[in-house]
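A short write-up of the structure that comes next.
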Amino acid sequence: RFPPHHTYVEPFCGSLKVLLWKKKRSKIEIVNDADNFLINFWRVISFYPDELADAVNSMPTSEYLFRKFDKEIQKMSSFMKAVAFYYLARLSFNGIIRDGNSVYAGSPFTMPSHSCSKKDFMDVRDRLRGVDIRSTSFEKIIKTSNKSVDGGVFFYLDPPYWKTYFYGTPEEKLDFEWDEQVKLSELCKQIDEGGNKFIQTNSCHDDLKALYKDFHVYEREVYYSVAGDGEKRKDTKEIVISNYELMEKKNQVSMF
């Protein structure tokens, strides 16, 4: 359901699942995230996939090493930060890194492992060739990219969901409260006024629906399998917001 476009912009790129899923490259692709350690990992894998995979796989699976990386990652070189970040993300409970307080391992039912596939790293390197990888504010990325371009600019927006917690970076909890949600909605209006397109995913709350009442809002069922509290792993709804129709029939309110 992505529209035709010249430039693709992802201000909250996270694990890059959407970009890596995109089978067709855009003429220009810009990805961004507030997490400097995450962006450093993507930059390092773009240039040194072989070396990064070898370094990760040379490490033993060790809680002692996990604790050491968790406490010392900020003092490391760029390359070792990427190694430590991947190691911590793979071995932290649900992949959540908490600045010196990460929880080691995820489940008593599976053996913890941080090993990686060199082929996967090489595939990611190949896909990231030519991609502009940044780490700045979502506001700056959207404002500087919302230009009149022949073919148009498309923004895929996957912000921290409203009233969904445990978002953050290894350095600090990410501050993305209601003021930021409102700021993002104002930027979406600017995208629309600039003649460009956007899709946003967010949590299903009436206050968000009211905030985006002038746009198309669709509901879809999702299952949150990753949650710190097992009681929160359940079927729920999220909303997909866009400034163009995603469905053929106007009266449809659910995507799936």
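From a predicted model like this one, the values you see are computed outputs, not experimental measurements.
Met122 and Leu128 are assigned to two separate hydrophobic clusters, defined by single-linkage of ILVMFWY side chains at heavy-atom distances under 4.5 Å. Phe121 and Trp21 fall within the same hydrophobic cluster, where Ile, Leu, Val, Met, Phe, Trp and Tyr residues are linked whenever their side-chain heavy atoms come under 4.5 Å apart, directly or through other members. Leu246 and Phe2 fall within a single hydrophobic cluster, where Ile, Leu, Val, Met, Phe, Trp and Tyr side chains are chained together by heavy-atom contacts under 4.5 Å.
Annotation for Asn57 and Ser115: closest pair OD1-CA, 3.4 Å, computed over non-hydrogen atoms. What you find for His5 and Ser26 is that their closest heavy atoms are NE2-OG, 2.7 Å. Nearest heavy atoms, Leu208 versus Ser203: CD1-O, 3.3 Å. Listed here is the closest heavy atom pair of Asn202 and Pro159: ND2-CG, 3.8 Å.
In the model, Gln200 has no side-chain atom that pairs as donor or acceptor with a side-chain atom of Tyr156 under 3.5 Å. No donor-acceptor contact under 3.5 angstrom links the side chains of Ser242 and His216, judged on distance only. In this model, a donor atom of one side chain and an acceptor atom of the other lie less than 3.5 Å apart for Thr201 and Tyr161. A donor atom on one side chain and an acceptor atom on the other are found under 3.5 Å apart for Asn36 and Ser135.
Using a 4.5 Å heavy-atom cutoff, the side chains of Lys22 and Lys17 are not in contact. Leu88 places a side-chain heavy atom less than 4.5 Å from the side chain of Ile73. Annotation: side chain of His6 is in contact with side chain of Ile28 (closest heavy-atom distance under 4.5 Å). In this structure the side chain of Asn40 never reaches within 4.5 angstrom of the side chain of Phe85, judged on heavy atoms. Side-chain contact between Leu19 and Arg127 is present, with at least one heavy-atom pair separated by less than 4.5 Å. Side-chain contact between Tyr86 and Ile45 is absent, with no heavy atoms from C-beta onward closer than 4.5 Å. Proximity of Ile141 to Arg134: side-chain heavy atoms (C-beta onward) are separated by under 4.5 Å at one or more points. A 4.5 Å side-chain heavy-atom check between Glu29 and Asp132 finds every atom pair outside the cut-off.
For the atom pair CG of Leu38 and CZ of Arg43, the computed distance is 10.5 Å after rounding to the nearest 0.5 Å. Here the CG-CD1 distance, from Asp33 to Ile39, works out to 5.0 Å after rounding to the nearest 0.5 Å. The CD1 atom of Ile133 sits 8.0 Å away from the SG atom of Cys13 when rounded to the nearest 0.5 Å. The CG atom of Asp207 sits 6.5 Å away from the CH2 atom of Trp162 when rounded to the nearest 0.5 Å. Taken from CD in Glu238 to NE2 in His205, the straight-line distance is 11.5 Å, to the nearest 0.5 Å. Rounding to the nearest 0.5 Å places CG of Asn146 at 8.5 Å from CD1 of Ile142.
Considering only residues two or more places apart in sequence or on other chains, Lys147 meets the side-chain contact (heavy atoms from CB on, under 4.5 Å) condition with Val149. Partners of Asp214 by side-chain contact (heavy atoms from CB on, under 4.5 Å), not counting sequence neighbours: none found.
Remark: side-chain polar atoms of Arg220 are not paired, donor with acceptor, to backbone N or O of Ile239 under 3.5 angstrom. In this structure, Gln74 contributes its side chain and Lys81 its backbone to no donor-acceptor pair below 3.5 Å. In this structure, His114 contributes its side chain and Val56 its backbone to a donor-acceptor pair below 3.5 Å. Within the 3.5 Å criterion, the main-chain N or O of Thr136 finds a donor-acceptor partner in the side chain of Asn32.
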Check: Stepwise, does the side chain to side chain contact (heavy atoms under 4.5 Å, CB included) test hold for Leu157 with Ile199?
Finding: CA-CA 6 Å; Leu157 308 169; Ile199 287 178; over 6 Å; no
Next item on the list: Go through the steps for Val131 and Trp42 under the test side chain to side chain contact (heavy atoms under 4.5 Å, CB included), then give the verdict.
Entry: CA-CA 10 Å; Val131 176; Trp42 293 126; over 6 Å; no
Next item on the list: Step by step, work out the side chain to side chain contact (heavy atoms under 4.5 Å, CB included) result for Ile30 and Glu10.
Entry: CA-CA 6 Å; Ile30 302 169; Glu10 202 173 334; over 6 Å; no
Next item on the list: Under the side chain to side chain contact (heavy atoms under 4.5 Å, CB included) rule, what do Ser145 and Thr7 come out as? Steps first, then yes or no, please.
Entry: CA-CA 9 Å; Ser145 303; Thr7 300; 5.8 Å; no
Next item on the list: Check step by step if salt bridge (charged side-chain N to carboxylate O under 4.0 Å, His left out) holds for Glu219 and Lys209.
Entry: CA-CA 10 Å; Glu219 295 181 4; Lys209 292 178 182 178; 2.5 Å; yes
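Taking a cutoff of 4.0 Å between a charged side-chain nitrogen and a carboxylate oxygen, Asp179 and Lys183 do not qualify as a salt bridge. The existence of a salt bridge linking Asp120 and Lys118 is excluded, since no basic side-chain nitrogen approaches an acidic carboxylate oxygen closer than 4.0 Å. A salt bridge links Arg67 with Glu63: the distance from a Lys NZ or Arg NE/NH1/NH2 to an Asp or Glu carboxylate oxygen falls below 4.0 Å. A salt bridge is absent between Glu177 and Lys163; no separation between the charged side-chain nitrogens and carboxylate oxygens falls under 4.0 Å.
Aromatic ring centres of Tyr87 and Phe69: separated by under 6.0 Å. For Phe41 and Phe79, the gap between ring centers reaches or exceeds 6.0 Å. Ring to ring, Phe138 and Phe176 are close: their centroids are under 6.0 angstrom apart. For Phe198 and Phe154, the gap between ring centers reaches or exceeds 6.0 Å.
No more than 12 heavy atoms of other residues, nucleotides or ligands lie within 6.0 Å of OH in Tyr48, so this atom counts as exposed by the packing criterion. More than 12 non-hydrogen atoms from other residues, nucleotides or ligands lie less than 6.0 angstrom from OH of Tyr244.
Because its NZ or CZ atom is not both nearer than 6.0 Å to the ring centre of Phe155 and within 45° of the ring axis, Lys197 does not count as a cation-pi partner of that residue.
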